[in-house]
Protein chains: 2
Amino acid sequence: MRITKQREIILQILREKRSHPTALEIYNMAKEHIHDISLSTVYRTLKDMVEKGEIVELHMEGETKARYDLNLDNHAHFKCRHCGRIFDIEIMFPLKLIGFKVERTDIYIYGICSQCSKKEVLA
Amino acid sequence: MRITKQREIILQILREKRSHPTALEIYNMAKEHIHDISLSTVYRTLKDMVEKGEIVELHMEGETKARYDLNLDNHAHFKCRHCGRIFDIEIMFPLKLIGFKVERTDIYIYGICSQCSKKEVLA
DNA sequence: ATTTGTGCAAATCCTTTGCAGATAA
DNA sequence: TTATCTGCAAAGGATTTGCACAAAT
């Protein structure tokens with residue numbers, strides 16, 4: 001895989017932004033650095049990275065667009081029903097399934113984040 | 001929500017088939033009972049059910065189509081990299097996140113199932 | 001009678017692909 | 001050089017929507 005300015009920017013965005021951006025969001029951020037970058041390049045690069053295991057593709061409940069995450073540790077994603085933000089949560093739990101070979105674990109948690117919990121608005 | 005034969009069949013399929021079918025698979029099974037059922041009705045009904053919390057929508061790694069699951073207990077889904085089957089796994093773990101209100105937890109586990117593990121073919 | 005659901009076809013949204021030119025090794 | 005990468009436009013696949021008719025309450 002060759003090092004191009006497109007790939008460097010995409011990787012840099014994923015490193016700096018820990019907000020689990022979508023391909024379109026990455027594309028818009030990348031455009032500020034490379035004005036003629038194309039959405040297909042972003043999609044192609046992200047797909048390559050996923051196949052190489054460098055990043056992980058996430059699908060949150062009720063969202064059609066995939067999100068991308070550089071953090072390869074097994075960790076959980078918490079999505080707040082109120083503000084929509086997605087948090088990385090450190091949950092390490094030893095997972096043993098008899099006879100099963102576990103290669104990766106994705107945990108999705110949905111609810112209300114601590115900040116939104118403080119607003120009495122919510123049921 | 002009115003009780004129609006279309007909705008009854010879709011619910012029955014989800015109850016009987018515990019294979020986490022896609023909308024298209026549900027449509028094909030439903031066609032055997034209602035010959036002129038449409039794919040849009042299947043999609044519409046599934047969407048309604050998800051919104052009402054009656055079923056859960058799953059997105060497995062590398063798959064574009066959504067899958068649907070009637071089991072509303074918090075449980076995990078194990079997908080075998082070799083045979084592609086998706087197993088329900090009973091994992092109950094007490095999840096406490098300080099300040100966060102947890103409403104639902106989805107756990108996705110990827111690897112090799114016990115049956116496929118027995119074949120020495122696999123690395 | 002009235003409201004809600006359905007099938008059909010078309011539209012939409014997200015993602016992938018073919019290709020000819022550009023770029024990294 | 002030459003194999004790989006890119007942008008563009010077009011294609012593809014999954015899901016949604018508008019509408020007129022059908023069915024449930």
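Within every chain, numbering begins at 1; the chains are lettered A, B, ... in the order of the sequence lines, protein sequences first and strands thereafter.
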* To do: Give A:L24 one of three labels, base, sugar-phosphate or nothing, depending on what nucleic acid heavy atoms sit under 4.0 Å from its own.
  =>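 Here A:L24 touches no strand at all.
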Tell me the interatomic distance from [X], atom [atom1], to [N], atom [atom2], rounded to whole angstroms.
X     : N      : atom1 : atom2 : answer
A:I3  : C:dA25 : CD1   : P     : 6 Å
B:K47 : C:dC13 : NZ    : P     : 12 Å
A:R7  : D:dT6  : CZ    : C1'   : 9 Å
A:E63 : D:dT16 : CD    : P     : 14 Å
B:M49 : C:dG5  : CE    : P     : 12 Å
B:K65 : D:dG13 : NZ    : C1'   : 8 Å
B:I9  : C:dT6  : CD1   : P     : 12 Å
B:E8  : D:dA23 : CD    : P     : 15 Å

How about CD on B:E54, more than 12 heavy atoms from neighbouring residues, nucleotides or ligands closer than 6.0 Å, or not?
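Count over threshold, so yes.
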| task | Check whether the side chains of A:H20 and A:D88 place a donor and an acceptor atom closer than 3.5 Å, and report yes or no. | result |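 Short answer, yes.
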Would you mind telling me which of [options] lies closest to the side-chain atoms of [X]?
X     : options               : value
A:T41 : C:dG7, D:dG7, C:dT15  : D:dG7
B:T45 : D:dG7, C:dT6, D:dT6   : C:dT6
A:T4  : D:dT15, C:dT15, D:dT6 : D:dT6

| said: Can you tell me whether the side chain of B:R2 and the base of D:dT25 have a donor-acceptor pair closer than 3.5 Å? | reply: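 Side chain to base: no pair present.
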Please determine if a side-chain N or O atom of [X] lies less than 4.0 Å away from the OP1 or OP2 oxygen of [N].
X     : N      : answer
A:R44 : C:dT15 : no
A:Q6  : C:dT23 : no
A:Y43 : C:dT15 : yes

Task: 5'-most by nearest nucleotide on DNA chain C - B:M1 or B:S40 - done: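 This one resolves to B:M1.
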- [ ] Could you check A:T64 against B:I37 and say which one's nearest nucleotide on DNA chain C is further toward the 5' end?
- [x]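 In this pair, the answer is B:I37.
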Sub-4.5 Å side-chain heavy-atom contact between B:Y110 and B:M60: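 Side-chain contact under 4.5 Å: yes.
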- Where does the angle between the aromatic ring planes of B:F87 and A:F100 fall among parallel (under 30°), tilted (30 to 60°) and perpendicular (over 60°)?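 Judged by the thresholds at 30° and 60°, the geometry between B:F87 and A:F100 is perpendicular.
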**Q.** Residue whose closest nucleotide on DNA chain D lies nearer the 5' end, B:E57 versus A:K5
**A.**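 First, find each residue's nearest nucleotide; the 5'-ward one identifies A:K5.
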Exercise. Check for a donor-acceptor pair, side chain of B:Y27 on one end and backbone N or O of B:V42 on the other, with a separation under 3.5 Å.
Key: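 No: the side chain of B:Y27 does not pair with the backbone of B:V42.
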